[in-house]
Amino acid sequence: MSDQSDLTKPWGGRFNAPTDAFVERFTASVQFDKRLYAHDIRGSIAHAQMLTEVGILNPDERDKIVGGLRAIESDIEDGRFEWSVALEDVHMNIEHALVERIGDSGKKLHTARSRNDQIATDIRLFLREEIDAIVAGLTSLMRGLVDLAEREAATVMPGFTHLQTAQPVSFGHHMLAWFEMLGRDRDRLGDCRKRVNIMPLGAGALAGTTFPIDRAISANLLGFEYIAQNSLDAVSDRDFAIEFCACASILMMHFSRMAEELVLWNSQQFSFIEISDAFCTGSSMMPQKKNPDVPELVRGKSGRVAGHLMGLITLMKSQPLAYNKDNQEDKEPLFDTVDTVIDCIKAFGDLVPSLTVNAENMRAAAEKGFATATDLADYLVREGIPFRDAHAVVGAAVRLAVEKNCDLKDLPLGELRSLYPAMTERVYAVLDVDRSLNARNHLGGTAPAQVRAACKRARERLDTAACACSTMEAMP
Ligand code: ARG
């Protein structure tokens with residue numbers, strides 16, 4: 001990137017002295033906003049077409065502008081474009097190159113436009129595209145979760161509360177819990193997209209323009225669904241970017257929870273799953289180590305995304321209308337949020353289908369820790385004992401088993417009868433983990449049949465735009 005300061009600045013008219021070299025670098029954004037070149041060019045082409053349709057440019061000028069912009073785009077893509085810090089940002093770099101390339105017609109492009117409505121348009125075009133990529137990636141990760149859930153619908157694992165063994169659940173059911181979390185994230189992003197897809201172009205610097213523009217033409221050309229209704233608001237607010245970062249932060253929070261479980265389950269102590277070698281790294285000192293770096297990093301990266309949300313909301317706070325240079329600071333956090341989310345979706349999207357599930361270990365763990373104690377209490381309720389009393393009886397049985405260092409099913413019937421005289425042999429059947437699973441056979445329950453039915457509905461929901469469904473829609 002060149003930093004020659006002798007280039008005439010497009011806004012240099014009212015200035016007598018050149019910009020201080022440090023200030024030039026300090027105020028420039030081209031170092032990072034050049035990433036928006038394709039959106040900037042697309043916006044400029046639409047603007048030129050609109051200006052032509054309303055008679056401000058003639059078709060010849062338009063053709064020169066469009067041709068010049070396309071040539072500049074190729075130069076950028078082929079690495080032939082010389083970006084200049086002295087030209088401050090992506091907009092002035094491209095406009096300068098256009099004038100150099102096509103002459104005076106290029107100077108007309110900025111008629112009825114300001115960099116303020118231009119940048120707001122560019123970011124929205126960029127973010128709309130990235131949201132679509134994120135939603136597509138999320139959808140394919142979610143498909144992977146449904147595949148895994150269906151395959152492991154009858155795989156028993158201990159379900160936890162407080163990270164203590166609580167009740168047996170299906171591993172597939174657990175995968176579908178992740179699916180639900182991500183489904184809401186997908187919906188949130190889709191909803192956020194509606195507020196991203198609003199066109200600021202035409203707002204000018206802040207007050208609109210004296211030229212007879214037709215904003216519907218540019219909006220149609222750029223695929224914007226709505227046109228910003230107030231010029232002051234259009235150039236100044238970055239709430240759409242904040243909202244995106246909020247959606248991304250919630251998504252990353254979900255990812256961090258999934259990551260944490262993957263790390264735990266992959267540990268020697270749990271050994272519920274194995275993360276394939278391709279997603280792990282070793283230790284330079286301890287030869288035995290195979291570390292789950294990928295989920296650990298996803299967990300860690302949730303921090304920077306939440307940080308960007310805080311950064312952007314603080315950036316916007318207290319800014320008076322309309323545009324302020326503060327807003328130039330929106331790009332780096334936004335770009336990093338997009339990049340981080342896309343990388344993490346890719347990491348999980350690849351990792352999930354390659355997981356090895358250790359069903360025997362999960363089952364063995366589910367059989368320890370009195371996971372079916374609630375089933376026993378429910379059984380006693382069906383025998384006519386009030387639930388509170390049943391809870392106390394089973395509590396006493398657990399205490400007995402702890403004292404004898406055995407499972408509930410190892411307690412002899414005689415001992416169980418000492419706690420509740422009407423206890424029969426049938427009690428042992430309810431302590432079985434598969435039976436426990438199958439017994440929870442209702443919408444949203446963990447019975448393998450319910451998990452399979454939920455997988456079927458999940459696939460159907462993935463094919464619709466909105467994924468999370470209301471309770472009524474979920475009715476089979
Ligand atoms: N680089 C600026 C930004 O990112 C573009 C708009 C600049 N407008 C201005 N009047 N300085 O926000």
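Counting from 1, the numbers follow the sequence of the chain as shown. Whatever order the structure lists them in is the order used to number ligands and atoms, beginning at 1.
Other residues, nucleotides and ligands place more than 12 heavy atoms under 6.0 Å from the NZ atom of Lys325. The 12-atom threshold is exceeded at CD of Gln49, counting heavy atoms of other residues, nucleotides or ligands nearer than 6.0 Å.
When ring centroids are compared, Trp83 and Tyr37 stay outside the 6.0 Å threshold. Separation of the Phe255 and Phe348 ring centroids falls under the 6.0 Å cut-off.
Partners of Thr314 by side-chain contact (heavy atoms from CB on, under 4.5 Å), not counting sequence neighbours: none found.
Contact residues for ligand 1 (protein heavy atom closer than 4.0 angstrom to any ligand atom): Ser29, Asp33, Asp89, His91, Arg115, Asn116, Ile119, Tyr323, Gln328, Lys331.
Annotation: cation-pi geometry not satisfied between Arg215 and Phe224 (NZ/CZ under 6.0 angstrom from ring centroid, within 45° of ring axis).
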